[in-house]
Amino acid sequence: MMQRFALWLCQPATAPAHVSQQGLQPPVLLTAIEADWLWGLLQRIESGQTLLSRAQTIAALPAAQKTALATWVQTISALPAQFQPGAAVWPVTRPLASKQDWNTFKALMESVYEKGFVDGLPYQGDGTPTAAGGVTYAEYVRAFRGAHRLNPNPHAREVCVLCGGPLGDTPHVDHWVTKGAFPLLSVCADNLQLICSTCNEAPNKGQKPVHSAGSFADWFHPYLRPGNGCVQLDYVPPAFAVRCAAAPADQPKATNLDGMLNLSSRWTREFKAEYAKHQDLLHRRERRRIALGQARHSLAEIQQHVQQWTATLSPSEPHHAVHSVLSHALMQPARTRAWLAELALVI
């Protein structure tokens with residue numbers, strides 16, 4: 001709907017007077033339901049100006065500017081093509097020279113997300129137009145959580161699809177390709193996902209681009225080129241840390257993902273925090289043994305502790321991959337002996 005509406009506004013024959021309730025009816029949009037919904041949206045006021053007046057401003061643009069904007073709209077609409085071999089480079093500059101005109105178009109497109117998505121888009125979940133209240137922001141969140149829940153128990157912890165950490169109580173609907181630069185994609189199904197607030201806020205993803213100067217060749221995409229099965233966690237023994245890695249063919253994509261989300265540093269923090277938890281637990285047990293006059297921990301008992309903890313790890317729990325790497329690291333003879341020597345210093 002957004003694409004069709006934008007392209008219609010860019011047609012040479014479309015004048016401001018044509019942007020009316022009657023003018024939006026088929027064949028401008030595919031159905032009367034969509035036309036009536038859009039007309040209702042255009043009546044809304046934002047910063048003292050109706051969205052209708054913004055649409056009329058775009059319709060009044062000179063022909064050359066309309067052509068440039070229409071070309072941009074058609075290019076941006078082909079998001080799936082960007083993750084196919086040999087994809088053309090995307091435009092990274094705004095299609096309208098005037099910042100004011102661009103902001104007008106941007107506000108118009110983003111309103112479908114900012115205003116329309118909250119109250120309900122004119123579509124059912126399968127894309128069928130409906131006038132009886134369609135998909136809302138809240139319904140999208142519920143549907144996404146249900147589809148990506150690793151443990152069907154409603155009380156189980158949920159996992160962020162990007163970092164593998166806890167989804168949290170206030171997850172964010174994220175635009176993979178930022179809507180600030182590409183507002184046409186503000187409600188594109190291929191451009192939306194639910195992620196934890198940590199992933200979506202600076203210094204992590206925020207408004208960072210997911211392309212390199214318009215090229216998506218070295219980037220993953222949540223649906224069109226997912227990193228599942230490609231990204232792996234490597235243990236770095238000297239630093240006792242975790243690194244985001246991948247096979248050589250996918251390493252550039254993993255590096256870009258890591259740089260955007262700071263995965264290596266975040267995973268390493270969790271890695272060390274979980275280690276500290278077990279370190280504290282064994283220290284407390286060691287002190288209790290000393291107080292009771294019992295024998296200190298043996299190497300076998302430390303190994304048994306790690307094995308018992310490893311047995312409790314669940315793939316549906318947050319940070320499962322990080323904790324699995326830690327369990328393997330703790331079972332290495334050098335690490336186990338170092339832990340034993342550390343416990344010997346406990347008094």
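The minimum heavy-atom distance linking Pro183 with Gly180 is given by the pair CD-O, 4.3 Å. The minimum heavy-atom distance linking Lys205 with Leu261 is given by the pair CB-CD2, 3.7 Å. Heavy atoms only, all atoms of each residue included: Gln43 and Thr50 are closest at O-CG2, 4.2 Å. For the pair Gly259 and Lys208, the tightest heavy-atom approach, listed with the atom from each and the gap, is O-NZ, 3.4 Å. The heavy-atom pair separating Ala189 from Tyr223 by the smallest distance is O-CE1, 3.6 Å. Across Val19 and Ala55, no two heavy atoms sit closer than the pair CG1-CB, 3.9 Å.
The closest side-chain heavy-atom distance from Gln82 to His221 is not below 4.5 Å. Residues Leu185 and Ile76 are in side-chain contact: their nearest non-hydrogen atoms beyond the backbone lie under 4.5 Å apart. Put simply, the side chain of Phe271 does not reach to within 4.5 Å of the side chain of His319, judged on heavy atoms. Under the 4.5 Å side-chain criterion, counting only non-hydrogen atoms from C-beta, Glu301 is not in contact with His305. Using a 4.5 Å heavy-atom cutoff, the side chains of Arg157 and Leu150 are not in contact. Residues Thr57 and Leu108 have side chains not in contact (no heavy-atom distance under 4.5 Å, counting atoms from C-beta outward). With contacts defined as side-chain heavy-atom distances shorter than 4.5 Å, the pair Leu41/Arg44 qualifies. Under the 4.5 Å side-chain criterion, counting only non-hydrogen atoms from C-beta, Asp190 is in contact with Pro80.
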Inset, instruction - Apply side-chain hydrogen bond (donor to acceptor under 3.5 Å, both in side chains) to Ser264 and Asp258, showing your working. - result: CA-CA 6 Å; Ser264 291; Asp258 190 14; 2.7 Å; yes

Inset, instruction - For side-chain contact (heavy atoms from CB on, under 4.5 Å), just list the numbers for Trp339 and His297, CA-CA rounded to whole Å, side-chain angles, deciding distance to a tenth of an Å, and then say yes or no. - result: CA-CA 10 Å; Trp339 212 342; His297 280 89; over 6 Å; no

Inset, instruction - Decide yes or no on salt bridge (charged side-chain N to carboxylate O under 4.0 Å, His left out) for Glu274 and Arg269, but give the supporting numbers first. - result: CA-CA 9 Å; Glu274 187 67 12; Arg269 284 198 299 272; over 6 Å; no

Inset, instruction - Decide side-chain hydrogen bond (donor to acceptor under 3.5 Å, both in side chains) for Ser53 and Gln49; before the verdict, give the C-alpha distance in whole Å, the side-chain angles of both, and the deciding distance to 0.1 Å. - result: CA-CA 7 Å; Ser53 67; Gln49 184 179 5; 3.0 Å; yes

Inset, instruction - Walk me through it: do Leu167 and His148 pass the test side-chain contact (heavy atoms from CB on, under 4.5 Å)? - result: CA-CA 11 Å; Leu167 184 61; His148 295 272; over 6 Å; no

Legend entry - Candidate pair Gln3 and Gln74, rule side-chain hydrogen bond (donor to acceptor under 3.5 Å, both in side chains), full reasoning: CA-CA 8 Å; Gln3 178 197 27; Gln74 291 169 329; over 6 Å; no

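Interatomic distance, Glu110 CD to Asn103 CG, rounded to the nearest 0.5 Å: 9.5 Å. To the nearest 0.5 angstrom, Ser186 atom OG is 10.0 Å from Lys106 atom NZ. In this structure, NE2 on His211 lies 11.5 Å from CG on Asn256, to the nearest 0.5 angstrom. Note: Phe5 CZ to Cys10 SG = 10.0 Å, rounded to the nearest 0.5 Å. To the nearest 0.5 angstrom, Thr255 atom OG1 is 10.5 Å from Asp250 atom CG. Rounding to the nearest 0.5 Å places CG of Leu184 at 4.5 Å from OG of Ser77.
Remark: the backbone N or O of His320 is paired with a side-chain donor or acceptor of Ser324 at under 3.5 angstrom. Side chain of Lys66 to backbone of Leu7: no donor-acceptor contact under 3.5 angstrom is found. A donor-acceptor pair is defined here as one N or O able to donate and one able to accept, closer than 3.5 Å; no such pair exists between the side chain of His18 and the backbone of Ala59. Arg225 places a side-chain N or O within donor-acceptor distance of the main-chain N or O of Phe216, the cut-off being under 3.5 Å. In terms of modelled atom types and a separation under 3.5 Å, the side chain of Lys253 and the main chain of Asp218 share no donor-acceptor contact. Within the 3.5 Å criterion, the main-chain N or O of Leu96 finds no donor-acceptor partner in the side chain of Asp101. Of the possible polar contacts, one joining the Arg94 side chain to the Ala97 backbone as a donor-acceptor pair under 3.5 Å is found. Put simply, the side chain of Thr336 gets close to the backbone of Leu330: a donor and an acceptor are under 3.5 Å apart. Within the 3.5 Å criterion, the main-chain N or O of Leu24 finds no donor-acceptor partner in the side chain of Trp8. In this structure a side-chain-to-backbone donor-acceptor pair under 3.5 Å is missing from Lys272 to Trp267.
Val92 and Phe105 fall into different hydrophobic clusters, where Ile, Leu, Val, Met, Phe, Trp and Tyr side chains are chained together by heavy-atom contacts under 4.5 Å. If you chain together hydrophobic residues whose side chains sit under 4.5 Å apart, Leu257 and Val236 never meet in one group. Cluster membership for Val187 and Val118, using ILVMFWY side-chain heavy atoms within less than 4.5 angstrom, is not shared. Hydrophobic clustering places Leu313 together with Val325 (ILVMFWY residues linked when any side-chain heavy atoms are closer than 4.5 Å, directly or through intermediates). Grouping the Ile, Leu, Val, Met, Phe, Trp and Tyr side chains by contacts below 4.5 angstrom, directly or via other members, places Leu30 apart from Val73.
Using a 4.0 Å cut-off between charged nitrogen and carboxylate oxygen, Arg4 and Glu34 count as a salt-bridge pair. Residues Arg284 and Asp280 are paired through a salt bridge, judged by an N-O separation under 4.0 Å between the basic side chain and the carboxylate. The pair Arg289-Glu286 does not meet the salt-bridge criterion, since no charged nitrogen lies less than 4.0 angstrom from a carboxylate oxygen.
Proximity of the aromatic rings of Trp176 and Phe220 is defined here by a centroid distance below 6.0 angstrom, and this criterion is not met.
Under a cut-off of 6.0 angstrom, the local environment of CD in Gln100 is sparse, with at most 12 non-hydrogen atoms contributed by other residues, nucleotides or ligands.
For Thr310 and Gln307, the side-chain atoms include no donor-acceptor pair closer than 3.5 Å. Defined by atom type and a distance below 3.5 Å, a donor-acceptor pair is missing between the side-chain atoms of His328 and Gln332.
Below 30°, between 30° and 60°, or above 60°: for His323 and Trp309 the angle between ring planes is between 30° and 60°, a tilted geometry. The aromatic rings of Phe182 and Trp90 are tilted relative to each other, their planes meeting at an angle between 30° and 60°.
With sequence neighbours excluded, the residues forming a side chain to side chain contact (heavy atoms under 4.5 Å, CB included) with Ala156 are Asn151, Asn153, listed by chain and number.
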For residues 227-235, which side-chain N or O atoms pair as donor and acceptor with protein atoms under 3.5 Å away, sequence neighbours left out?
from   : atom 1 : to     : atom 2 : distance (Å)
Gln232 : NE2    : Asp234 : OD1    : 3.1
Asp234 : OD2    : Arg243 : NH2    : 3.3

Could you give the side-chain donor-acceptor pairs of residues 136-147 under 3.5 Å, partners two or more places apart or in another chain?
from   : atom 1 : to     : atom 2 : distance (Å)
Thr136 : OG1    : Glu139 : N      : 3.1
Glu139 : OE1    : Thr136 : N      : 3.1
Tyr140 : OH     : Leu192 : O      : 3.0
Tyr140 : OH     : Gln193 : N      : 3.2
Arg145 : NE     : Glu158 : OE1    : 3.1
Arg145 : NE     : Glu158 : OE2    : 3.1
Arg145 : NH2    : Glu158 : OE2    : 2.7

